[in-house]
Number of protein chains: 2
Amino acid sequence: MKRDSRLSITLHALLHMAERKTITSEELAACLSTNPVVVRRTMAGLREAGLVRSEKGHGGGWSLACDLATVSLADVHAALGEPAFFAIGNRTESPGCLVEQAVNAAMDGALREAELLLLQRLGTISLADLSRDFQQRMALGRQKTKEQNHVG
Amino acid sequence: MKRDSRLSITLHALLHMAERKTITSEELAACLSTNPVVVRRTMAGLREAGLVRSEKGHGGGWSLACDLATVSLADVHAALGEPAFFAIGNRTESPGCLVEQAVNAAMDGALREAELLLLQRLGTISLADLSRDFQQRMALGRQKTKEQNHVG
DNA sequence: AATCACGTAACATATTGAGTTACATGAAAC
DNA sequence: GTTTCATGTAACTCAATATGTTACGTGATT
């Protein structure tokens with residue numbers, strides 16, 4: 001596995017859900033170029049956290065159960081079970097070797113600071129912010145197409 | 001694989017090397033609770049970067065080829081080939097989907113900031129700093145032992 | 001010549017995210 | 001009530017990769 005993209009997948013799914021009242025796992029999987037089971041599995045945590053709802057049967061599927069403005073990317077990360085941010089880490093957690101203790105202390109300090117900053121950044125970005133960014137990209141795309149049409 | 005601990009291993013090895021003129025892969029492996037081949041493989045990058053030397057044959061082994069005060073943890077990370085810091089990332093690097101573009105932009109921004117901070121932190125810590133920390137831990141350990149002896 | 005130690009290839013192992021198949025459950029439509 | 005649709009979940013496979021291990025080649029010292 002290269003990288004854990006569950007947060008990326010989930011955000012992508014949430015924004016697509018924001019564009020429609022309900023959407024099925026199959027449709028989402030098509031949007032995300034993945035598998036419906038992956039969608040259900042990944043979103044299970046969001047359902048438990050109350051961010052989304054899921055309905056079985058005819059007309060079922062996924063729908064938002066939260067206000068986009070009040071949910072941050074950090075909240076989504078938490079709902080996913082707080083997957084590890086870092087690929088690097090210490091070899092031993094509580095080593096007897098004093099050398100390793102010194103190494104661990106330095107590494108832990110730097111990693112902790114970076115993690116705090118990352119969490120803080122993710123905490124300040126709401127799903128509504130992402131949605132707004134998407135809408136802007138849409139508008140820009142339309143504008144570009146229009147210009148092209150004028151040129152043609 | 002749980003986590004990439006090459007940086008941790010390497011720093012551990014470097015500090016042990018700082019305590020002795022030369023040390024063999026086998027001895028280092030014993031210190032680090034790993035395998036001599038892992039030591040050689042991991043340190044290959046450091047040798048190419050000129051941070052350490054290695055000598056074959058009788059009396060051979062590893063020795064430092066740098067001033068601990070002028071080498072930062074970031075330098076060591078670079079010598080290792082800059083292994084990825086983060087376990088999380090985007091699903092697709094250049095997606096056509098505008099939703100995913102918006103998601104990627106936000107994620108990239110946050111990750112980039114965290115990475116810059118991490119690199120900056122690692123850049124300000126020198127091997128000499130780590131060595132000093134180790135020496136302090138040694139001194140503290142001796143002091144404690146002494147006190148215990150007095151009590152006993 | 002023997003021994004020691006690194007250099008490296010090749011293969012095994014373990015972990016984990018992702019993909020896939022299969023089947024059960026439940027809700028709506030007919 | 002039966003069919004159809006959609007989720008829930010277990011179980012399996014696949015892929016990537018750090019680490020562990022074995023084996024053998026190379027070069028330096030004794």
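Below, chains carry the letters A, B, ... as their sequence lines are ordered, and counting in each starts from 1.
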Within this structure, what is the [atom1]-to-[atom2] distance between [X] and [N], rounded to whole angstrom?
X       : N      : atom1 : atom2 : value
B:Arg6  : D:dG20 : CZ    : C1'   : 14 Å
B:Phe86 : C:dT16 : CZ    : P     : 20 Å
B:Leu28 : D:dG20 : CG    : P     : 14 Å
A:Asp4  : D:dA16 : CG    : P     : 16 Å
A:Arg40 : D:dA11 : CZ    : P     : 18 Å
B:Leu80 : D:dT17 : CG    : P     : 17 Å

On DNA chain C, compare the nucleotides closest to B:Arg91 and B:Val37; which residue's is nearer the 5' end?
B:Val37

Both A:Thr42 and A:Gly59 contact DNA chain C. Taking the nearest nucleotide for each, which residue is further toward the 5' end?
A:Thr42

Ordered by number, residues from residues 43-57 of chain B within less than 4.0 Å of DNA chain C (heavy atoms) are B:Arg47, B:Ser54, B:Glu55, B:Lys56, B:Gly57

Distance check: side-chain N/O of [X] vs OP1/OP2 of [N], anything under 4.0 Å?
X       : N      : value
B:Thr24 : C:dC4  : no
A:Ser25 : D:dT7  : yes
A:Arg3  : D:dA15 : no
B:Ser5  : D:dT19 : yes

Is the backbone N or O of [Y] less than 3.5 Å from a side-chain atom of [X], with the two atoms forming a donor-acceptor pair by type?
X        : Y        : answer
B:Asn35  : B:Val37  : yes
A:Asn104 : A:Gln101 : no
B:Thr92  : B:Ser94  : no

Just compare [options] and give me whichever is closest to any side-chain atom of [X].
X       : options               : answer
B:Asn35 : C:dT20, D:dT7, D:dT21 : D:dT21
B:His58 : D:dT19, C:dT3, C:dA18 : C:dT3
A:Ile9  : C:dG7, C:dA18, D:dT9  : C:dA18

Using a heavy-atom cut-off of 4.0 Å across all strands, would you classify B:Gly61 as base, sugar-phosphate, or nothing?
sugar-phosphate

Do [X] and [Y] have side chains that get closer than 4.5 Å, going by heavy atoms?
X       : Y       : answer
A:His12 : B:Cys97 : yes
B:Val39 : B:Pro36 : no
B:Glu55 : B:Thr22 : no

Could you check whether the side chain of A:Arg41 and the base of C:dG19 have a donor-acceptor pair of N or O atoms closer than 3.5 Å, going by distance alone?
yes

Going from CG on B:Leu7 to CD1 on A:Ile88, what distance comes out if it is rounded to the nearest 0.5 angstrom?
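So the gap between those two atoms works out to 5.5 Å.
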
